[in-house]
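Count residues from 1 along the sequence. Predicted model only: the values in this text are computed from it and were never measured.
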Amino acid sequence: MVFGRRSIRINGADCGVEALLLGAITSVGGFLFGYDTGQISGMLLFTDFKNRFGQVDNGDGTKDFEPIIQSLIVSLMSIGTMLGALGSSYTADWLGRRKNLSFGTVLFIIGSIIQLTAVSSWVHLMMGRFVAGLGIGVLSVGVPMFQSECAPREIRGAVVATYQLMITFGILISNIVNYGTREIEDEPASWRIVVGLGIAFSLPLGLGVFMVPESPRWLAAREDWTGARCALARLRGMKDDLSHGLVEDDMREMREMIEKERNVAVGTWKECVIPKKNGVPKQVYRTFLGMALQFLQQYTGVNYFFYYGATIFQSAGVDDPIRVQLILGAINVAMTFYGLYIVERYGRRMPLFIGAIWQAAWLAVFAAIGTALPPENNKAAGIVMIVAAAMFIASFACTWGPIIWVVIGETFPLRTRAKQASLATATNWLGNFMISFLTPLATSGISYSYGFVFVGTNIVAALAVWFFLYESVSLSLENVDSMYGQSSLKPWTSRKWVPPGYLSRMQRDDEYFNRHGNGHATGVDDDEQTVVPSSRPSAAVDAEKISHGVHKGSNEDIPRESHEEKVNKVV
């Protein structure tokens with residue numbers, strides 16, 4: 001990392017301080033997600049919480065929850081998040097990416113207030129979690145989408161991965177708060193402090209998001225080219241040099257893709273799921289790939305531990321289950337930091353593939369030991385199960401936790417990005433709901449054998465990544481589209497693909513970009529309010545000429561060193 005005059009040089013390219021600030025502020029949305037996920041695990045054990053909202057009289061003056069009621073209290077938040085994620089496709093396009101995040105924050109605060117006012121009705125509490133879930137759902141779509149559209153490609157993976165980092169940090173903080181308030185678990189303040197702190201944590205996002213630029217791609221899609229250029233320059237740390245070559249190149253790539261998408265009209269929900277010849281490569285393929293990966297992220301089994309871990313370890317005879325949750329939460333945070341390195345160093349495909357296999361192995365250990373040697377009667381078995389859970393969470397935290405959000409943020413075309421991201425994230429929350437609702441019922445029936453279900457789903461996840469996911473590391477969002485348009489390219493060979501105009505994914509071919517104009521590739525001036533067809537052949541046509549060793553610039557094609565030969569030199 002090298003500090004320049006007005007920017008920070010990372011991975012060999014200029015990135016503005018505002019791009020880093022944007023990543024930090026918007027990632028608070030992930031913190032709220034994690035905080036809301038982690039808080040319920042400890043709250044379910046608090047005496048006052050159970051006495052107020054429980055149904056089963058234990059005969060000693062205390063109450064407990066019926067499994068179905070416990071399932072509803074925990075899982076209805078996931079239904080809210082699923083609906084919020086679907087609605088976010090409209091609010092993100094209508095309000096803009098920034099205002100959409102503030103809208104989600106307001107919903108979360110309203111839901112938290114409803115929970116705080118609950119006295120004895122579990123339905124009242126549950127509806128508060130539902131409304132808070134609506135806000136979390138809006139944020140779960142809006143944050144990765146906003147980050148992926150704004151972050152320079154050289155740091156996009158790490159920036160979007162901070163969303164998952166903040167999820168883990170939110171879970172850890174909720175565990176710490178639960179651990180601290182357990183000393184007053186007989187008082188209503190115990191769980192109300194936990195819920196109320198969530199409101200305070202949400203304010204930096206709701207207010208701070210207006211300190212950073214709006215998404216340049218959202219502005220460009222609304223023909224505000226001047227605003228888009230200013231936003232790109234700010235994100236590159238060049239707001240005083242709007243004509244800098246790096247800004248021009250980013251504008252050129254963005255213009256070409258938007259021009260192509262505008263020529264085939266506005267994207268609809270129907271085309272996200274029904275194949276249609278509209279010039280967007282593998283559009284339906286990418287929709288279902290995103291949905292499958294998001295669903296499988298939940299069915300790795302991570303929330304089996306984070307929603308019910310304290311309850312599971314308490315039934316296993318652990319003296320202090322909240323402390324175990326705290327340890328697991330700390331591992332989750334620490335390993336997610338490593339995940340920020342992995343996502344840029346090793347890409348997306350291999351970490352996800354290896355992570356799924358590793359997780360399946362440790363879940364098999366967890367389920368087998370718990371089934372063969374019941375931990376409530378065997379202390380050694382309980383220790384092995386805690387170690388297995390820790391190894392599973394370590395893998396999830398540096399692979400399937402952060403990288404799936406990166407993949408969702410960069411896989412979809414601008415034309416239908418908000419809609420496809422909403423569908424994928426809603427599927428994530430559907431899986432979340434199924435885990436949170438079914439776990440109490442399943443564990444009461446088959447106990448620790450339930451872990452074998454997640455062994456199978458992790459194996460399915462590994463196969464899905466290997467056979468269907470393309471490697472998008474270091475590509476601009478526009479070049480991700482181009483990659484999916486290569487009919488002969490296979491997912492397992494996609495890492496070798498280099499876009500036209502680049503010697504490698506990290507190194508531009510300056511000669512190519514100089515030959516293709518000064519950033520006005522589409523023939524549109526910044527202050528124009530309409531998009532007109534380009535006066536020159538498309539990038540695909542130029543790329544085809546380059547591949548045959550010719551270039552434009554005179555009345556005849558002149559032989560030259562091919563782009564492929566240049567690439568081979570770099571490699």
Side-chain angles (χ1 to χ4, degrees), residues 31-56 58 62-78 80-81 108-109 111-133 135-136 167 170-202 303-315 318 320-329 332 432-433 435-437 439-440 443:
F31 179 90
L32 297 179
F33 176 1
Y35 188 82
D36 214 50
T37 297
Q39 68 182 20
I40 194 63
S41 179
M43 286 165 53
L44 289 171
L45 301 181
F46 290 164
T47 302
D48 183 79
F49 190 82
K50 290 190 291 186
N51 287 340
R52 284 176 180 272
F53 307 113
Q55 301 78 44
V56 180
N58 294 324
T62 63
K63 291 184 178 180
D64 217 328
F65 291 101
E66 293 180 359
I68 187 66
I69 301 301
Q70 186 182 40
S71 294
L72 289 171
I73 290 174
V74 175
S75 65
L76 202 67
M77 178 193 128
S78 300
T81 52
F108 174 79
I109 291 174
S112 298
I113 292 173
I114 294 173
Q115 292 177 71
L116 289 174
T117 57
V119 177
S120 59
S121 171
W122 66 268
V123 176
H124 186 155
L125 178 78
M126 181 181 67
M127 293 310 299
R129 285 181 57 78
F130 173 78
V131 175
I136 295 295
I167 291 176
I171 293 173
L172 176 62
I173 294 300
S174 67
N175 290 335
I176 292 174
V177 175
N178 278 334
Y179 189 75
T181 55
R182 66 178 183 159
E183 300 297 330
I184 56 170
E185 65 172 319
D186 295 330
E187 301 176 20
S190 58
W191 58 273
R192 285 193 171 125
I193 287 174
V194 179
V195 175
L197 283 175
I199 297 176
F201 293 141
S202 69
N303 280 332
Y304 171 58
F305 294 105
F306 284 131
Y307 278 140
Y308 297 107
T311 304
I312 291 169
F313 292 121
Q314 184 182 54
S315 65
V318 175
D320 195 342
I322 295 181
R323 179 180 297 175
V324 174
Q325 281 293 90
L326 186 58
I327 293 171
L328 296 181
N332 196 23
N432 191 305
F433 166 75
I435 295 295
S436 57
F437 182 79
T439 293
T443 53

Within a strict 4.5 Å, meaning less than it, do heavy atoms of the [X] and [Y] side chains meet?
X	Y	value
Thr81	Phe33	no
Phe53	Ile69	no
Asn332	Leu172	no
Val74	Leu44	yes

Any donor-acceptor N/O pair, Arg129 side chain to Ile73 backbone, under 3.5 Å
yes
Please check if the side chain of Gln55 supplies one atom and the backbone of Glu66 the other of a donor-acceptor pair under 3.5 Å.
yes
Identify the heavy atoms of [X] and [Y] that sit nearest to each other, and give their distance.
X	Y	value
Ser112	Ala132	N-CB, 4.4 Å
Ser75	Ser71	OG-O, 2.5 Å
Asn51	Thr62	OD1-CA, 3.3 Å

Mind checking ring pair (Phe, Tyr, Trp, His ring centres under 6.0 Å) for Phe201 and listing every partner two or more places apart, or none if nothing turns up?
Phe31, Tyr35
Qualifying salt bridge (Lys or Arg N to Asp or Glu O under 4.0 Å) pairs with a residue from residues 185-196, counting only residues at least two apart or across chains:
none
Determine which pairs satisfy salt bridge (Lys or Arg N to Asp or Glu O under 4.0 Å) with at least one residue from residues 116-127, sequence neighbours left out, and list them in order.
none
Rounded at 0.5 Å granularity, tell me how far [atom1] in [X] sits from [atom2] in [Y].
X	Y	atom1	atom2	result
Thr117	Ile113	OG1	CD1	8.5 Å
Ile136	Ser202	CD1	OG	9.0 Å
Met77	Gln115	CE	CD	9.0 Å
Thr47	Asp64	OG1	CG	10.0 Å

Results of side chain to side chain contact (heavy atoms under 4.5 Å, CB included) for [X] - residues two or more places apart only:
X	result
Ile114	Ile110, His124, Val131
Met127	Leu76, Val123, Phe130
Asn175	Ile171, Gln325, Leu326

Between Phe49 and Trp191, is the ring centre distance below 6.0 Å?
yes
Taken in chain and number order and not counting sequence neighbours, the residues that satisfy side chain to side chain donor-acceptor pair (under 3.5 Å) with Ser121 are none
What residues, two or more places apart in sequence or in another chain, satisfy side chain to side chain donor-acceptor pair (under 3.5 Å) together with Gln39?
Asp36
Working note: Ile199 + Leu116, criterion side chain to side chain contact (heavy atoms under 4.5 Å, CB included); need CA distance, chi angles, decisive distance, verdict.
CA-CA 11 Å; Ile199 297 176; Leu116 289 174; 4.0 Å; yes
Report the residues that fulfil salt bridge (Lys or Arg N to Asp or Glu O under 4.0 Å) with Arg52, sequence neighbours left out, ordered by chain and then residue number.
Asp48
Does the side chain to side chain contact (heavy atoms under 4.5 Å, CB included) test come out yes or no for Val56 and Phe65, once each step is laid out?
CA-CA 6 Å; Val56 180; Phe65 291 101; over 6 Å; no
